[in-house]
Amino acid sequence: MNHDMTVPCEEGLINLRVGAIIMKKGKILMVGNDSADYLYSVGGRIKFGETSEEAVIREVYEETGVKLDVDHLGFIHENYFYGDAESNRGKLIYEVSYFYYMKVPEGFEPVCMSMTEDDHEEFLRWIDVNDPIRYYPEFFRKELLHPTDGVKHFVTDERVI
(Lines give C-alpha, C1' and ligand atoms only; values in the text may rest on other atoms or scores of the structure.)
Protein backbone atom coordinates (compact mmCIF):
# COMPACT_ATOMS: atom_id res chain seq x y z
CA MET A 1 0.00 0.00 0.00
CA ASN A 2 2.63 2.51 -1.05
CA HIS A 3 1.54 3.37 -4.57
CA ASP A 4 0.70 6.88 -5.73
CA MET A 5 -2.97 7.47 -6.42
CA THR A 6 -2.49 7.80 -10.17
CA VAL A 7 -4.78 5.67 -12.27
CA PRO A 8 -4.73 5.26 -16.06
CA CYS A 9 -8.08 6.11 -17.62
CA GLU A 10 -8.55 5.74 -21.37
CA GLU A 11 -5.67 7.75 -22.89
CA GLY A 12 -5.11 9.85 -19.77
CA LEU A 13 -4.58 9.73 -16.03
CA ILE A 14 -6.47 10.45 -12.83
CA ASN A 15 -4.41 11.88 -9.94
CA LEU A 16 -5.31 12.46 -6.33
CA ARG A 17 -2.99 15.11 -4.92
CA VAL A 18 -2.40 17.29 -1.88
CA GLY A 19 -0.89 20.73 -1.66
CA ALA A 20 0.40 22.67 1.33
CA ILE A 21 -0.26 26.35 1.88
CA ILE A 22 2.80 27.39 3.87
CA MET A 23 2.75 31.12 4.56
CA LYS A 24 5.26 33.20 6.49
CA LYS A 25 5.61 36.97 6.68
CA GLY A 26 3.16 37.47 3.82
CA LYS A 27 4.92 35.06 1.47
CA ILE A 28 4.04 31.56 0.32
CA LEU A 29 6.50 28.70 -0.07
CA MET A 30 6.50 27.24 -3.58
CA VAL A 31 8.53 24.58 -5.39
CA GLY A 32 10.27 24.64 -8.76
CA ASN A 33 12.71 22.59 -10.79
CA ASP A 34 15.05 23.19 -13.72
CA SER A 35 12.76 21.46 -16.23
CA ALA A 36 9.72 23.72 -15.66
CA ASP A 37 9.29 27.45 -16.22
CA TYR A 38 6.79 27.77 -13.37
CA LEU A 39 6.45 27.12 -9.65
CA TYR A 40 3.95 24.84 -7.92
CA SER A 41 2.70 24.18 -4.42
CA VAL A 42 4.57 22.04 -1.93
CA GLY A 43 2.83 18.68 -2.07
CA GLY A 44 2.34 15.62 -4.20
CA ARG A 45 0.25 12.56 -4.80
CA ILE A 46 -1.69 10.78 -2.14
CA LYS A 47 -0.53 7.20 -1.65
CA PHE A 48 -3.06 4.39 -1.53
CA GLY A 49 -4.09 3.87 2.10
CA GLU A 50 -3.37 7.45 3.20
CA THR A 51 -5.85 10.16 4.05
CA SER A 52 -5.27 13.52 2.40
CA GLU A 53 -4.16 14.97 5.76
CA GLU A 54 -1.60 12.20 6.25
CA ALA A 55 -0.37 12.76 2.70
CA VAL A 56 0.13 16.52 3.07
CA ILE A 57 2.09 16.05 6.32
CA ARG A 58 4.29 13.43 4.62
CA GLU A 59 4.80 15.52 1.48
CA VAL A 60 5.73 18.64 3.46
CA TYR A 61 8.27 16.62 5.41
CA GLU A 62 9.71 15.04 2.25
CA GLU A 63 10.05 18.42 0.52
CA THR A 64 11.14 20.65 3.43
CA GLY A 65 12.66 18.38 6.07
CA VAL A 66 10.20 19.73 8.65
CA LYS A 67 7.08 18.03 10.00
CA LEU A 68 4.28 20.61 10.06
CA ASP A 69 0.78 20.13 11.40
CA VAL A 70 -2.37 20.82 9.40
CA ASP A 71 -4.35 23.92 10.30
CA HIS A 72 -7.36 23.35 8.02
CA LEU A 73 -8.49 22.37 4.54
CA GLY A 74 -8.75 25.48 2.37
CA PHE A 75 -9.46 24.38 -1.19
CA ILE A 76 -10.52 21.46 -3.32
CA HIS A 77 -9.39 21.84 -6.92
CA GLU A 78 -10.56 19.77 -9.88
CA ASN A 79 -8.13 20.32 -12.74
CA TYR A 80 -8.05 19.06 -16.33
CA PHE A 81 -4.66 19.72 -17.95
CA TYR A 82 -2.12 18.17 -20.27
CA GLY A 83 0.99 16.68 -18.67
CA ASP A 84 4.44 18.17 -19.23
CA ALA A 85 6.64 15.67 -17.35
CA GLU A 86 8.56 13.09 -19.37
CA SER A 87 6.31 10.30 -18.07
CA ASN A 88 3.00 12.00 -18.95
CA ARG A 89 3.82 14.56 -21.67
CA GLY A 90 0.73 15.40 -23.72
CA LYS A 91 -1.58 13.09 -21.77
CA LEU A 92 -4.84 14.49 -20.47
CA ILE A 93 -4.82 14.47 -16.66
CA TYR A 94 -7.81 14.86 -14.37
CA GLU A 95 -6.44 15.80 -10.97
CA VAL A 96 -8.30 16.37 -7.72
CA SER A 97 -6.20 18.29 -5.19
CA TYR A 98 -6.79 19.05 -1.54
CA PHE A 99 -4.96 22.22 -0.42
CA TYR A 100 -4.32 22.52 3.30
CA TYR A 101 -3.24 25.55 5.29
CA MET A 102 -0.35 24.41 7.46
CA LYS A 103 0.63 25.61 10.95
CA VAL A 104 3.99 27.33 10.45
CA PRO A 105 6.15 27.80 13.56
CA GLU A 106 8.11 31.03 13.96
CA GLY A 107 11.50 29.37 13.38
CA PHE A 108 10.45 27.41 10.27
CA GLU A 109 13.46 27.15 7.94
CA PRO A 110 12.81 24.62 5.17
CA VAL A 111 15.52 22.75 3.31
CA CYS A 112 14.60 21.24 -0.05
CA MET A 113 15.02 17.50 -0.03
CA SER A 114 13.07 16.33 -3.08
CA MET A 115 13.23 15.35 -6.73
CA THR A 116 10.56 15.26 -9.42
CA GLU A 117 9.23 11.94 -10.67
CA ASP A 118 11.58 12.41 -13.65
CA ASP A 119 14.62 12.90 -11.37
CA HIS A 120 14.96 16.67 -11.64
CA GLU A 121 16.18 18.33 -8.45
CA GLU A 122 13.58 20.61 -6.90
CA PHE A 123 14.13 23.92 -5.11
CA LEU A 124 12.03 25.93 -2.66
CA ARG A 125 11.23 29.59 -3.12
CA TRP A 126 9.32 32.09 -0.99
CA ILE A 127 7.24 34.36 -3.20
CA ASP A 128 4.79 37.17 -2.73
CA VAL A 129 1.29 36.11 -3.83
CA ASN A 130 1.38 38.93 -6.40
CA ASP A 131 4.77 37.90 -7.83
CA PRO A 132 4.45 38.03 -11.63
CA ILE A 133 6.19 34.66 -12.04
CA ARG A 134 3.96 31.87 -13.36
CA TYR A 135 2.83 29.54 -10.57
CA TYR A 136 0.08 27.02 -9.89
CA PRO A 137 -2.60 26.89 -8.79
CA GLU A 138 -3.46 30.25 -10.29
CA PHE A 139 -6.38 30.87 -7.93
CA PHE A 140 -3.83 31.38 -5.09
CA ARG A 141 -3.18 34.89 -6.51
CA LYS A 142 -6.62 36.08 -5.47
CA GLU A 143 -7.66 33.67 -2.74
CA LEU A 144 -4.58 33.87 -0.51
CA LEU A 145 -4.95 37.63 -0.19
CA HIS A 146 -8.13 37.08 1.86
CA PRO A 147 -7.94 33.64 3.52
CA THR A 148 -11.03 32.22 5.19
CA ASP A 149 -11.71 29.30 7.50
CA GLY A 150 -14.08 27.69 4.98
CA VAL A 151 -13.37 25.35 2.11
CA LYS A 152 -13.64 26.64 -1.46
CA HIS A 153 -14.01 24.53 -4.57
CA PHE A 154 -12.38 25.42 -7.90
CA VAL A 155 -12.50 23.83 -11.35
CA THR A 156 -9.86 24.51 -14.00
CA ASP A 157 -10.23 23.02 -17.45
CA GLU A 158 -7.45 23.40 -20.03
CA ARG A 159 -8.90 20.86 -22.47
CA VAL A 160 -9.12 21.82 -26.09
CA ILE A 161 -12.75 21.25 -26.98
Side-chain angles (χ1 to χ4, degrees), residues 1-23 28-104 108 110-127 133-141 143-144 151-160:
M1 289 220 280
N2 204 14
H3 297 303
D4 286 345
M5 296 282 276
T6 298
V7 180
C9 185
E10 295 187 19
E11 302 300 315
L13 299 168
I14 299 171
N15 281 336
L16 291 181
R17 184 182 188 282
V18 291
I21 302 168
I22 301 172
M23 300 201 64
I28 183 166
L29 186 64
M30 301 296 279
V31 183
N33 68 74
D34 63 0
S35 72
D37 63 349
Y38 57 87
L39 301 176
Y40 42 94
S41 65
V42 172
R45 292 188 190 103
I46 299 170
K47 294 191 180 297
F48 189 77
E50 282 182 316
T51 66
S52 59
E53 282 193 29
E54 291 167 339
V56 77
I57 291 168
R58 174 185 52 76
E59 286 287 347
V60 167
Y61 180 73
E62 288 176 3
E63 293 183 21
T64 70
V66 181
K67 185 176 179 184
L68 296 181
D69 292 324
V70 167
D71 187 325
H72 69 279
L73 178 63
F75 306 99
I76 297 172
H77 184 207
E78 294 180 74
N79 189 10
Y80 274 104
F81 64 98
Y82 292 94
D84 64 357
E86 293 169 26
S87 62
N88 62 23
R89 188 163 285 123
K91 288 186 180 180
L92 181 61
I93 299 172
Y94 172 64
E95 186 169 79
V96 178
S97 298
Y98 302 91
F99 288 95
Y100 286 91
Y101 285 92
M102 305 303 289
K103 295 178 182 175
V104 183
F108 176 68
V111 176
C112 191
M113 303 173 54
S114 58
M115 305 284 282
T116 67
E117 65 186 57
D118 297 326
D119 293 325
H120 292 278
E121 191 172 325
E122 292 183 308
F123 59 86
L124 298 171
R125 182 169 162 195
W126 290 102
I127 64 167
I133 191 169
R134 190 164 62 135
Y135 69 86
Y136 296 102
E138 291 179 344
F139 63 80
F140 276 7
R141 288 189 190 280
E143 296 299 322
L144 295 184
V151 179
K152 292 188 176 182
H153 175 239
F154 288 89
V155 178
T156 305
D157 192 340
E158 297 178 4
R159 291 178 286 183
V160 178

Work out which heavy atom in [X] is nearest to a heavy atom in [Y]; give both atom names and the distance.
X: Pro110; Y: Leu29; answer: CG-CD2, 3.9 Å
X: Arg134; Y: Arg141; answer: CA-NH2, 4.1 Å
X: Arg17; Y: Gly44; answer: CG-O, 3.2 Å
X: Asp4; Y: Lys47; answer: OD1-NZ, 2.9 Å
X: Met23; Y: Val104; answer: O-CG2, 3.7 Å
X: Arg125; Y: Ile133; answer: NH1-CD1, 3.1 Å

Atom [atom1] in [X], atom [atom2] in [Y]: separation rounded to 0.5 Å?
X: Glu53; Y: Leu73; atom1: CD; atom2: CG; value: 8.0 Å
X: Ser35; Y: Glu121; atom1: OG; atom2: CD; value: 12.0 Å
X: Lys152; Y: His77; atom1: NZ; atom2: NE2; value: 14.0 Å
X: Tyr61; Y: Leu68; atom1: OH; atom2: CG; value: 11.5 Å

request  = Apply side-chain contact (heavy atoms from CB on, under 4.5 Å) to Val42 and Met30, showing your working.
outcome  = CA-CA 6 Å; Val42 172; Met30 301 296 279; over 6 Å; no

Can you find a heavy atom in the side chain of [X] that is under 4.5 Å from one in the side chain of [Y]?
X: Val66; Y: Val60; answer: no
X: Ser41; Y: Glu59; answer: no
X: Arg159; Y: Tyr82; answer: yes
X: His153; Y: Val155; answer: yes
X: Tyr136; Y: Thr156; answer: no
X: Tyr98; Y: Val56; answer: no
X: Phe139; Y: Phe99; answer: yes
X: Phe140; Y: Ile21; answer: yes

query = Between Arg58 and Glu62, does at least one N-O distance fall below 4.0 Å, as a salt bridge requires?
reply = yes

remark   = Hits for ring-ring contact (aromatic ring centres under 6.0 Å, His included) against Tyr94, two or more places apart or cross-chain, chain-then-number order -> Tyr80

query = Between Asn33 (side chain) and Ala36 (backbone), is there a donor-acceptor pair under 3.5 Å?
reply = yes

Trace of the side-chain contact (heavy atoms from CB on, under 4.5 Å) decision for Val31 with Leu124 = CA-CA 5 Å; Val31 183; Leu124 298 171; 3.8 Å; yes

message = Is it the case that over 12 heavy atoms from other parts of the model lie below 6.0 angstrom from the CD atom of Glu54?
response = yes

query = So with a 6.0 Å cut-off around CD of Glu138, is the heavy-atom count from everything else above 12?
reply = no

Contacts under 3.5 angstrom, residues 9-16 side chains, donor-acceptor by atom type, not counting sequence neighbours:
residue, atom, partner, partner atom, Å
Asn15, OD1, Thr6, OG1, 2.6
Asn15, OD1, Arg45, NE, 3.2
Asn15, ND2, Glu95, OE2, 3.1

ask   = Under 30°, 30 to 60°, or over 60°: which ring-plane class applies to Phe108 and Trp126, parallel, tilted or perpendicular?
value = perpendicular

request  = Output, in order, the C-alpha distance, side-chain angles, deciding distance and verdict of side-chain contact (heavy atoms from CB on, under 4.5 Å) for Phe48 and Val7.
outcome  = CA-CA 11 Å; Phe48 189 77; Val7 180; over 6 Å; no

message = Taking the six-membered ring for Trp, are Tyr101 and His72 closer than 6.0 Å centroid to centroid?
response =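 Distance test on ring centres: under 6.0 Å, yes.
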
